[in-house]
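See below for the structure under consideration.
Computed over heavy atoms, backbone and side chain alike; hydrogens, waters and symmetry mates excluded. We number each residue from 1, following the sequence as shown. When a ligand or atom number is given, it counts from 1 through the structure's own listing order.
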Amino acid sequence: MTPILHVRLKMDFQQILLEIQEEIKPFLKEGKVADYIPALSRVNPDQFAMSITLFDGTSYHIGCSEDKFSIQSISKVFTFTKAVNIYSKALYTRVGKEPSGNPFNSLVQLEYEHGKPRNPFINAGAIVITDTLISHYKNSKDAFDYILDFIRAISDDQTITYDQEVCDSEYEHGFRNLALANLMKSFNNIENDVHDVVKTYFKHCSIAMSTKELSRAMLFLANHGVDPISNHEFITVNQAKRVNALMLTCGHYDASGEFAFHVGLPAKSGVGGGIVAVVPKVMSIAVFSPRLNSWGNSLVGTKALEMFALKTGLSIF
Ligand code: GLU
């Protein structure tokens, strides 16, 4: 361990989180909760939570860190991790690895690029990833069970599950995602039944977790694919590198450059208001606040991570 890192790890993380909790207060009323489905528009908009978990399992929390919320697109990190572990390089014939520079649910680029999504973290890319998992596990039920088992394993928590109401609500209002899947099917980039694929995609987006659970779950990505607490290798060093690289370049949709500029950590957001981030070789972080900025990322969550990076000097740059 380099001396500088040693000094940093001696920081009082609880005190830093408390400072952040105080400093974000003026921003808590800014932004707008996701309202594209009724089940998400009903959340209490003023919530805030932040958790960090270190490699020895020590964790620090502020706010409603044990309350579960809809992880939404954060689930795309977990499905991509599973798919890259199964298919390795072959996966990139179906989905790219470039930032899209477009909103998360854009149809336009997909038409120009012949049904191959730019990356696994925009909706189209995540739908293709779900399709690859259904093909691998032979049916959507088994595919979802494996996704959930995987999330439970990395979180070391068997109680994690999905929210049926959010899932049903997504499907009732899922016209755009169905359009994305149908467009990709027309380019032969969806192998299974479109409705089955989209339903499974909504199901994993509807998984509910707290910041406490998410910061624990992401630890293997901060440690080259190996959970530092259990020593279990979930993915290889190279695969972990790919997942982190895509979180850095594509984890915040068309605000990924902005996020890298201000925070400088591999991270992934979800419209439920959660953001997970990784400090390689040090810790993983999860933050939650449901009001979103204009790009669909948690407004206060982004600010809190920026404050954390500034206060601690922890960033990959
Ligand atoms: N389930 C959401 C959708 O497909 C996920 C979007 C997100 O979290 O960014 O619209």
Output, or 'none' if empty, a list of ligand 1-protein atom pairs in which both atoms are N or O and the distance is under 3.5 Å, rounded to 0.1 Å.
from, atom 1, to, atom 2, distance (Å)
ligand 1, 1 (N), Tyr36, OH, 3.4
ligand 1, 1 (N), Gln72, OE1, 2.6
ligand 1, 1 (N), Glu170, OE1, 3.4
ligand 1, 1 (N), Glu170, OE2, 3.1
ligand 1, 4 (O), Asn123, ND2, 2.9
ligand 1, 4 (O), Asn177, ND2, 3.0
ligand 1, 4 (O), Tyr201, OH, 2.7
ligand 1, 8 (O), Ser73, N, 3.0
ligand 1, 8 (O), Ser73, OG, 2.6
ligand 1, 8 (O), Val271, N, 2.8
ligand 1, 9 (O), Ser73, OG, 2.8
ligand 1, 9 (O), Tyr253, OH, 2.4
ligand 1, 10 (O), Asn123, ND2, 3.4

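In this structure, Phe234 and Phe150 have perpendicular ring planes: the angle between them is above 60°, well past the 30° mark. Using bins of under 30°, 30° to 60° and over 60° for the plane-to-plane angle, the ring pair His252/Phe259 lands in the parallel bin.
Looking at Ser100, Ser73, Ser269, Ser106 one by one, the single match for side chain to side chain donor-acceptor pair (under 3.5 Å) with Tyr253 turns out to be Ser73.
Under the 3.5 Å distance criterion, the side-chain polar atoms of Arg291 are left unmatched by any main-chain donor or acceptor of Val300.
Look at Lys212 and Glu66 and you find a salt bridge, because one of the NZ, NE, NH1 or NH2 atoms lies within 4.0 Å of a carboxylate O, short of that distance.
Remark: Tyr137 pairs with Tyr146 by the ring-ring contact (aromatic ring centres under 6.0 Å, His included) rule, at least two apart or across chains.
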